[in-house]
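Worksheet: one structure, shown below.
Basis for what follows: all heavy atoms, side chains included, without hydrogens, waters or symmetry-related copies.
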Amino acid sequence: MKKTWLILLVLVSGAVHAQVTTPTASPAATVSTVVGLTEVKVEYARPKAKGRKIFGAGPEYLVPYGKLWRTAANSGSRVTFTDDVKVGGVDVPKGTYQLVANPGANEWTVILSKDMTLGGGTDNYDPAKDVAKVVVKPEKLTERVEMFTIEIADVSENSNHANLQLIWENTSVKVPITVDFDAKVMKSIEANTKSNPSSLYKAAN
């Protein structure tokens with residue numbers, strides 16, 4: 001009998017300490033696209049509007065104009081480039097960066113920071129740790145977008161250009177990304193034609 005009660009006690013104790021899993025309000029998301037030969041990846045959490053006013057002037061807006069925003073929910077957004085790129089014409093070394101934005105009615109400042117400790121807060125933001133700071137114009141959308149979305153859009157035909165696009169409510173912001181794969185291709189041609197001369201025709205093309 002004592003053994004039975006002990007087993008029941010263990011089972012009840014385990015049930016009490018078991019974690020209850022429920023859907024998160026801002027689900028995690030990852031978007032990844034190869035532009036040229038460079039992988040561009042964004043990891044972020046996607047908040048929903050839920051009837052709230054998102055971008056605008058005044059404290060009644062979730063993301064007020066002129067105030068730094070972590071550019072997502074929870075721990076913000078992280079952008080990774082597997083090669084050196086240009087973001088808004090600014091040289092950005094390969095690596096992972098925190099994405100921060102300062103929204104405005106007529107222009108947004110989008111920032112890549114090397115300070116990966118920022119996480120979900122911007123109180124300790126240090127401009128000295130910026131890798132790129134790009135000013136872009138927002139666009140108005142004709143249809144409302146309920147959930148914050150980041151896309152790697154508008155990949156060019158020659159694969160050397162794309163846009164990092166931020167979309168929420170009725171606002172779209174595009175940040176240009178340019179890659180350079182010529183040096184990689186030439187190095188690959190040199191290595192392959194030495195080991196396999198028959199690949200010269202493909203290299204010429």
Answer with yes or no whether the hydrophobic clustering places Tyr125 together with Val79; edges join I, L, V, M, F, W, Y residues whose side-chain heavy atoms lie under 4.5 Å apart. no
Test of understanding: clusters of I, L, V, M, F, W, Y form through side-chain heavy atoms closer than 4.5 Å, transitively. Do Tyr61 and Ile54 belong to the same one? no
Minimum side-chain heavy-atom gap Val131-Pro93 below 4.5 Å: yes
With respect to Val173, which candidate in Ile150, Asn163, Val136, Ile167 satisfies the side chain to side chain contact (heavy atoms under 4.5 Å, CB included) definition? Val136
Check whether any side-chain heavy atom of Leu68 lies under 4.5 Å from a side-chain heavy atom of Ile111, and answer yes or no. yes
Hey, are the side chains of Tyr97 and Lys114 touching, using non-hydrogen atoms and a 4.5 Å cut-off? yes
Among side-chain atoms of Thr80 and Glu39, is any donor-acceptor pair under 3.5 angstrom? no
So does Lys94 pair up with Asp83, basic N to acidic O under 4.0 Å? no
Under 3.5 Å side-chain donor-acceptor pair for Arg46 and Thr149: yes
Can you name the one residue among Tyr65, Trp108, Phe148 that meets ring-ring contact (aromatic ring centres under 6.0 Å, His included) with Phe55? Trp108
Candidate list Thr30, Thr33, Leu164, test side chain to side chain contact (heavy atoms under 4.5 Å, CB included), partner Val42, passing option: Leu164
Taking the side chain as every heavy atom from C-beta outward, state whether Val40 and Ile177 have any pair of such atoms under 4.5 Å apart. yes
Minimal heavy-atom distance between Leu141 and Thr171, with the atoms involved, is CD1-O, 3.7 Å
Least distance between heavy atoms, Ser26 atom then Pro47 atom: OG-CA, 3.4 Å
Using the rule that Ile, Leu, Val, Met, Phe, Trp and Tyr join whenever any side-chain heavy atoms are under 4.5 Å apart, tell me whether Val85 and Ile152 fall into a single cluster. yes
Quick one: do the Asp115 and Thr117 side chains pair a donor with an acceptor below 3.5 Å? yes
Do Phe81 and Val92 touch side chain to side chain, with heavy atoms closer than 4.5 Å? yes
I need the Arg70 CZ to Thr122 OG1 distance, nearest 0.5 Å. 9.0 Å
Determine whether Glu151 and Val31 make a side-chain contact, defined as any pair of heavy atoms from C-beta on separated by less than 4.5 Å. no
Non-hydrogen side-chain atoms of His161 and Pro176 separated by less than 4.5 Å: yes
Atom pair NZ/CG of Lys50 and Leu62 - distance to nearest 0.5 Å: 11.0 Å
Which word best sums up how the rings of Trp69 and Trp168 line up, parallel for under 30°, tilted for 30 to 60°, or perpendicular for over 60°? parallel
Do the side chain of Asp126 and the main chain of Ala128 share a donor and acceptor less than 3.5 angstrom apart? yes
Of all the heavy-atom pairs spanning Lys174 and Glu139, show the shortest one and how long it is. CD-OE2, 4.4 Å
Of the non-hydrogen atoms in Ser172 and Gln165, which two are nearest, and what is the gap between them? OG-NE2, 2.8 Å
The test is side chain to side chain contact (heavy atoms under 4.5 Å, CB included); show your working for Val35 and Ser159 and say whether it passes. CA-CA 6 Å; Val35 183; Ser159 296; 5.5 Å; no
Sub-4.5 Å side-chain heavy-atom contact between Thr178 and Asp180: no
Show the nearest heavy-atom pair for residues Lys48 and Met147, with the distance to one decimal. CE-CE, 3.1 Å
Can you tell me how far CG of Leu112 sits from CG of Asp130, rounded to the nearest 0.5 angstrom? 8.5 Å
Is it the case that the side chain of Tyr44 and the backbone of Ala29 share a donor-acceptor pair, with hydrogens and angles ignored and the cut-off at 3.5 Å? no
Are there more than 12 heavy atoms of other residues, nucleotides or ligands under 6.0 Å from atom CG of Asn158? yes
Shortest non-hydrogen separation from Gln98 to Met116 and the atoms involved: N-SD, 3.5 Å
